[in-house]
Amino acid sequence: MNDAINLSRMRDAAFTAEVEAQSGQNVSTCYQCGNCTAGCPAGFVYDRQVNQIMRGVQLGLKDEVLNSRSIWMCLSCSTCSLRCPNNIDVAAVMETLRHMARKEGRVAVPKVEKFWFSFLDTVRAFGRTYEIGTMALYMMRSLRLFTDLDLAPEALKKKKLGFRPHVIPGGADAVARIMQRYKERAKREGVRP
Amino acid sequence: MPVLKGKELRIVGFLCNWCSYGGADTAGVARAGQPTDLRIIRVPCSGRVDPLFIVKALLNGADGVLVSGCHPRDCHYAAGNFYARRRLEVLKQFLPVLGIDDRRFEYTWVSASEGQRWQQVVTVFTERIHKLGPAPRLEDAEPLLKMADMALTSLRPLGTGQTAALDQLKEAIKAKLPELECVIGWQQGYDGAHTVPLFMKTPEDVDKLIWGPFNVNNPAVYLPSFKGKKVGIVVKGCDSRSVVELLQENLIRREDVTIFALPCEGTLDMARVNQTLGRYSKIDKVTYDEAGVTITADGKEHRFCMTDCAQGKCYGCTTPMAVLADMRAGQPVKVEPGSRTPPELALLDSMSLEERMAFWRGQMERCLRCYACRNACPMCVCRDFCVSDSRDPHWMSQEDSTREKLFFQTIHALHLAGRCTGCGECQRACPVGIPILALRQQIARAVGQLFDDYKAGLNPTAVPPLLGYELEEKNIHERDWK
Amino acid sequence: MRIGVFICHCGSNIGGTVDCAKVAEIARGFPDVVYADDPMYTCAEPGQAAIEAAIHEHRLDGVVVASCTPRMHEPTFRRTVERAGLNRYMFEMANIREHVSWIGRDKEANTNKAAELVRLAVEKLRNNKPLAAKSFDVTKKVLVIGGGVAGIQAALDCADGGVPVILVEREATIGGKMAKLDKTFPTVDCSACILGPKMVDVAQHPNITLYAYSEVEDISGYVGNFTVKIRKRATYVDWSKCTGCGACTEKCPSKKTPDAFNEFTGPTTAITIAFPQAIPKKAVINAAHCRQFVKGKCGVCAKICPTGAISYDMQDEIVTEEVGSIVAATGYDLMDWTVYEEYGGGRYPDVITSLQYERIMSASGPTGGHIVRPSDGREPQKVVFIQCVGSRDRSVGRPYCSGFCCMYTAKQAVLTKDHIPNSQSYVFYMDIRAPGKMYDEFTRRAVEEYGTEYIRGRVSSIYPDGNGQYVVMGVDTLLGEPVEIRADLVVLAVGIEASKGSPQLAEKLRISYDHYGFFMESHVKLKPVETNTAGVFLAGVCQGAKDIPASVAQGSAAAAKVLALFARDKLESDPQIAQVDIRRCVNCGKCIRCCPFGAIKEVEIRGEGKAQVIETVCQGCGLCTATCPQGAIQLSHATDNQILAEVNALCQC
Amino acid sequence: MKFAYYPGCSAKGSSADYEKSTQAVCAALGIHLEELPGWNCCGSTPAHAVDTELSAALCARNLDIAAREQAETVLTPCPSCLSNLRHAAKRMENPQFRARVDELLDTPAAAHFPEVTSVMQGIARVYDANAIAAQVKKSLKGVRLAAYYGCLMSRPPEVMDFGDPENPTLMESLLSACGAEMVDFPLKTACCGASFGIPERVMTARNSGRILELATQLGVDAVVVACPLCQMNLDLRQKQAAKEADAFFRMPVLYFTQMMGLAFGIAPEHLGLEKLRVSADELLRKIDGAQAGEGDR
């Protein structure tokens, strides 16, 4: 059993305010009915349930929240937002938290981020996604070389995954430039792209 | 007693006893600190607040006026604040035409429990008034004289062609005459270029009836005095609207009036005609043609083309034909769609607030306080009991000051809110030619804009906007007090 | 005029930030002021005595007190001056506490402001006139709208107090929602058994006239003298002949008629008597499903009826009653829970409302009191109760707590166990609200003795799993985990809203109602059964969520108010009402048109139409005064001149 | 009838069959799909998961192309693309946000974007149930189907505008017009596990498992989907799901366009049915059987 959370010390009102500002939600209206958790399809892999994340935000427990795996495992299906009796867009809060965490370089579940990067890399390269490319890059990044190997033969037999990347006719430079500018701006603003 | 110089401005509050006054108490009980400028007058209901109290205050030295009542739907008297909302909003839109900044007047809703809201309201409003600074005083303004531009194009044909149908009309009147006390119309005045009212009792009288551009008077003004008696009346389009409005206000009964109408082709702006004629000993002749009249005075010919010399109201007129009539003669005339800002109002619109106040300062100095405007107004039904010269209620002093005179014009205008048909008799009757019609026109415009383009005197059964309300007003919105 | 001014220090409340002595001194300079003083506590006994003394000593004919808000002590001081022989309306107050000393820190500004407010009061007073109240008769008869338990209680108490009662009930029988309940918490005694006798008393009480299957059409008049139009809806059965034998209901061929009384848990016949203990026990034909009306031929009931009471061509009837007071007890309805698509939006037969469950549990219900599933008639083993469905839920526009769901849910869980010993009940709750006497103990029993599983959390969704059960996806926030239950039956504690038509009735009664149609009491704490319309009182849930004991208590409270009102033979009318100066009146009818109370009528005076104020109806809002262009109608004590005097006192360039 | 068309990346890869059947069905209905020239990836989940502005920029480029093509309405088969494009368009209504996004683009995006909607709504807009029924050559009579929309199509309602967010019924109306019997499928908007198949297999396995379990329980002949990712998770990953649920599934998962195509009498190979991992042969036989049955009578 770890020590009690020292609210007088750990409470960070500025964090709560920041989350509310970025997500455009008023978290104080949450009365912890748990409906978000009850409907969450990803809850079973969370370390903290959605309502607990919301509670954490209410209490301004920045570390508890931003270091949690949950914000990385959120499927963004917005079931929580849809059913919240207080009309809070919980999914927006989760996404905001994820963004805040990334910008501070807190990545509780690196493999998820690695997957995203792999995906975006192929988009940068070809302007469009390219499953095999994504997979390959991801396997390298995550060193999980056997990801979905069981599916590969099936998938290939069914020509689910094309071997040729599908490039934008006339080149993907435009897309690459978007990515580039994004990276540069992030650097300028001192946040992690 | 003067306000504390430098510290305070003069702010008057009218608060309803049930909600807002209680809200102010609640704020006090909560020790919710507020600026000290505001002086509160307690009234039973926001519906009790006659907009004229507010104008009175603003013309007499108040720098700001605040009215507060129960929230809509919560009125202790069920609907008082619904009426207040409409009347106060109309006032808000009227003040600028006098040259008064409408930000100096505000109304809102505060419930007895909303102490904090009250504190917010008072603080914000007081700050607003302090930003605006002390209100300019009418008597400090430098008189400014400006003329309305009368170079106008009209929405309907102007001319003098329709006299043909006059005989037909006369026959109709003669036929109906036996059943009627009398029929009101026009006859030639002291010369061919002027008319006076005609009260036809015999067929001979009927032959005196004339029709044309000199028929400027509005005969409807005589109707209320005949209330209860069967009378006939010959009307131009604008006159007919006055008749309708009188019916609408239950001041005459439909079964008592028989309305005879010819399509109007516009009437002359007699002020300008007389000006052009100048001094003359006699009118030799008046000849009509399609487009206007030629008056020969002392052998000198003066041509008056209707399109140039009609009354300002005629150009924007959309009802040359009577809106209600029992007998119509003559050829219907076509009216183009659209609307015009009347020249007098356009003149005011073109001025800044300061200029407007200066303008009225100048105009009111010329006012003789003869009340010709009032007596010519067909809607002035109070007659001998006009509040302007009564002691109970004692709205006005008899002091001959520009302020009191402008206040009288305001009384007239506000009493005409939603009622004025824009017949312009007040202005025409003014012996010194003050464009007072502009004040009535601004009210009419405000009422139209707020209440689905309502125009007075078109429908005898319509409820006048200021005698009704909507739970949710389409065009009136609660202001926030952030 | 000789005016005396008293500037109250109110201890340091005013004296602290206002120089009262200086204000008094300034006041001495005001016109007609012949005496001014600054006592420490004006409202205290010596303070009042000083006023009386001054009135005598200085022959004052008007008094101004500058102290706290008139909403507090105006009546007090009016009595004071009255004791000294002045008319109570020859008195004015200046509020220099709530509006000055308590909100301003700057003593100079406060003092100046206080002096101005005193000036204001003096100027007003100089225009005051003595006013005398008029008194009028009271019709000692009360209308009670709604025959639920609250209305029944109010009716019985009034009737026992000797007051004739008109009881109007929209449904065919009185009893309201309570009559539909199987048992009641926390005693778990039979609802019908405790309500039944009261219903019978209503039927038998000589002072009560019952109009069932009727609605209030229109209300006019004022306290002491209301005129009420009541629409008696056509029952197509002549109740004077109907004996309630029920022969017709047995023979009626349209047996598929939806049964509103049973919350549509089972069918009934087109001609029906709601339930065995119905009061009045009379048959009613549901024309929408009766073959005679739908197909134009049948007539079975007419043939079978031993007393020939059936009359297919019956029409609605309007009756008029004169009453002196009205009690509104219109109760509630359940909100439309089918907006919850995640709970099946009403498509799943075994997801039902708590009220439907009551009917299923009730011995007089469609299943004879056997708890079975609507879908297949099987006995449920696992029953899930979900609270706050349509309560405390902004997303469906119902942010308020429905008050009694926590308790009846516990009761239903207990009863479920009683009916089906081997069943297991689960209750999803957010908070358990059990503040009443023996209430919390009861919910604890549900847990401790009846083994009900209380799970702290909402339910996200319900769906049929394909083999006759329902998957309930919930959460246990105490555990911090989502939970899932396979249930045979799901009972929703559906939130309440004001009963249908409440806003319309409120408009007829001229009482205000909140955003959800609940009627507004005139003070949340101190006037819980009064309304802002004199003579109209509230009882039961129509004023806000409350359980049976509270509704009964409020019913009695409303009755007490009625009896107190009727204890006097005459009522006094407030003299602060509008008066017409007939010389000025041109009978344009503008005042008549906009008076919110219909208090102005047109009368003929010397052959001329004139407006005339009905003194007892006028409420004194002054809307007419602000409307009349010629100032012919003036509101006493707030005339144009009185207000102008105040404006002029403040604004004179 | 002509629409601008944004196929989305998967159309060129994992869901070529969706693309094929969409084209076939639209052709049959006389709906012409004009592919946006040089369109790029919408960024899918990763982009908005990483940064909203980046995601919006990727989408804005496509919307900008559509605007320049003077398209009125852009159709896309993929709910994920649809969601991203619509979100981007909505967010760009905020000037500050738009400014931030424009910074990332070569040239500021067009002031007004054409509306983007799903192929399904596009079809429904042009043809009502009767018109669809009129196209049917091989009625799906006797075929029990579960319509599965996934979580993105109808949510959030204020952005997606796809009927009731909990209980959309558009697919049902289209397919019942084709004669199929549509069961009330309560999990129609549940989440399948989305793109987590790669980083967190159990996520897709569990969630897809729950859906397949109910579908099997309800005894449907197939689950009909409108989303490439859903199809992949329910079909290609069906084994993984079965393993996780410790059950056995043999549930064909078809795109609604494939289903409609069959009803329109289009040959399976032209609908890319061979790409299905769980074969639909039984389903096909059932349809033909029904036809035969019809023939007998």
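Just so it is clear: chains get the letters A, B, ... in the order the sequence lines come, proteins before strands, and each one is counted from 1.
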**Prompt:** Does any heavy atom of chain C fall under 4.5 Å from the side chain of B:L246, the backbone, both, or neither of them?
**Reply:** neither
**Asked** Does a donor on one side chain and an acceptor on the other come within less than 3.5 Å for B:T126 and B:D37?
**Response** no
**Residue B:P464 versus chain C: region with a heavy atom under 4.5 Å** = side chain
**Request:** Side chain from CB out, backbone as N, CA, C, O: work out which of these in C:Q634 comes under 4.5 Å of a heavy atom of chain B, or both, or neither.
**Result:** side chain
**Message:** What I want to check is whether the side chains of B:D25 and C:N95 have a donor and an acceptor closer together than 3.5 Å.
**Reply:** yes
**Asked** Where on C:N648 is there a heavy atom nearer than 4.5 Å to chain B: the side chain, the backbone, both, or neither?
**Response** side chain
**Prompt:** When you check the gap from the basic side-chain N to the acidic O, do C:E92 and B:R42 get nearer than 4.0 Å?
**Reply:** no
**Asked** So what's closer than 4.5 Å to chain C heavy atoms on B:F82: side chain, backbone, both or neither?
**Response** neither
**Prompt:** So, B:Q119 side chain and B:G33 main chain: donor-acceptor pair closer than 3.5 Å or not?
**Reply:** yes
**Residue B:V43 versus chain C: region with a heavy atom under 4.5 Å** = side chain
**Prompt:** Between B:R117 and B:W109, is there a donor-acceptor pair closer than 3.5 Å when you use the side chain of the first and the backbone of the second?
**Reply:** yes
**Message:** I want to know whether B:W395 and B:F53 have ring centres closer than 6.0 Å.
**Reply:** yes
**Item:** Heavy-atom pairs under 4.5 Å with chain B, option from C:L120, C:N13, C:V586 with the top count
**Value:** C:V586
**Prompt:** Are the charged groups of C:D640 and B:K56 less than 4.0 angstrom apart, N to O?
**Reply:** no
**Message:** Donor-acceptor pair, distance only, cut-off 3.5 Å: does the side chain of C:N110 make one with the backbone of C:T17?
**Reply:** yes
**Asked** Based on non-hydrogen pairs under 4.5 Å, which of C:E74, C:Q642, C:R510 is most in contact with chain B?
**Response** C:E74
**Asked** Parallel, tilted or perpendicular for B:F408 and B:H412, by the 30°/60° rule?
**Response** parallel
**Prompt:** So which of C:C68, C:G622, C:A626 has the biggest tally of heavy-atom pairs under 4.5 Å with chain B?
**Reply:** C:A626
**Message:** Using only atom types and a distance under 3.5 Å, with no angle test, would you say the side chain of B:N250 pairs donor to acceptor with the backbone of C:N587?
**Reply:** yes
**Fill in**
Applying a strict 4.5 Å limit to non-hydrogen atoms, the region of B:A112 in contact with chain C is side chain
**Request:** Would you mind checking if B:D140 and B:R137 are paired as a salt bridge, meaning a charged N to carboxylate O distance below 4.0 Å?
**Result:** no
**Item:** Interchain contact, C:T639 with chain B, by part (heavy-atom threshold 4.5 Å)
**Value:** backbone
**Message:** Quick one: does any side-chain atom of B:E249 pair with a main-chain N or O of B:L247 as donor and acceptor, under 3.5 Å?
**Reply:** no
**Portion of C:N127 that has a non-hydrogen atom of chain B nearer than 4.5 angstrom** = neither
**Message:** Less than 4.5 Å to any heavy atom of chain C: does that hold for the side chain of B:L251, its backbone, both, or neither?
**Reply:** side chain
**Request:** Heavy atoms only, distances under 4.5 angstrom: which of B:V49, B:D74, B:I40 has the most pairs with chain C? Name it, please.
**Result:** B:I40
**Complete:** So, the part of C:L117 with a heavy atom under 4.5 Å from chain B: the answer is side chain
**Request:** Sort B:V122 into side chain, backbone, both or neither according to what part of it lies under 4.5 angstrom from a heavy atom of chain C.
**Result:** neither
**Prompt:** Side chain, backbone, both or neither: which part of C:R593 has a non-hydrogen atom closer than 4.5 Å to chain B?
**Reply:** both
**Asked** Thinking salt bridges, do C:E608 and B:K227 make one under a 4.0 Å N-O criterion?
**Response** no
**Prompt:** C:K590, C:M72, C:Q576, C:K124: which one forms the most heavy-atom pairs within less than 4.5 Å of chain B?
**Reply:** C:K590
**Request:** Under 4.5 Å heavy-atom distance to chain C, tell me which part of B:H394 shows up: side chain, backbone, both or neither.
**Result:** both
**Request:** Indicate yes or no for a side-chain donor-acceptor contact from C:T531 to the backbone of C:V536 under 3.5 Å, with no hydrogens or angles considered.
**Result:** yes
**Message:** Taking every non-hydrogen pair under 4.5 Å, which of C:K113, C:Q630, C:R105, C:E646 racks up the most with chain B?
**Reply:** C:K113
**Prompt:** With only heavy atoms counted, which part of C:L635 is less than 4.5 Å from chain B, the side chain, the backbone, both or neither?
**Reply:** side chain
**Request:** Look at the side chain of C:E123 and the backbone N and O of C:A649, then say whether any donor-acceptor pair between them is shorter than 3.5 Å.
**Result:** no
**Prompt:** Side chain, backbone, both or neither: which part of B:D384 has a non-hydrogen atom closer than 4.5 Å to chain C?
**Reply:** neither
**Message:** Is B:R391 in contact with chain C via its backbone, its side chain, both, or neither, using a 4.5 Å heavy-atom distance?
**Reply:** backbone
**Prompt:** Side chain, backbone, both or neither: which part of C:R97 has a heavy atom under 4.5 Å from chain B?
**Reply:** neither
**Segment of B:A32 engaging chain C (4.5 angstrom heavy-atom cut-off)** = backbone
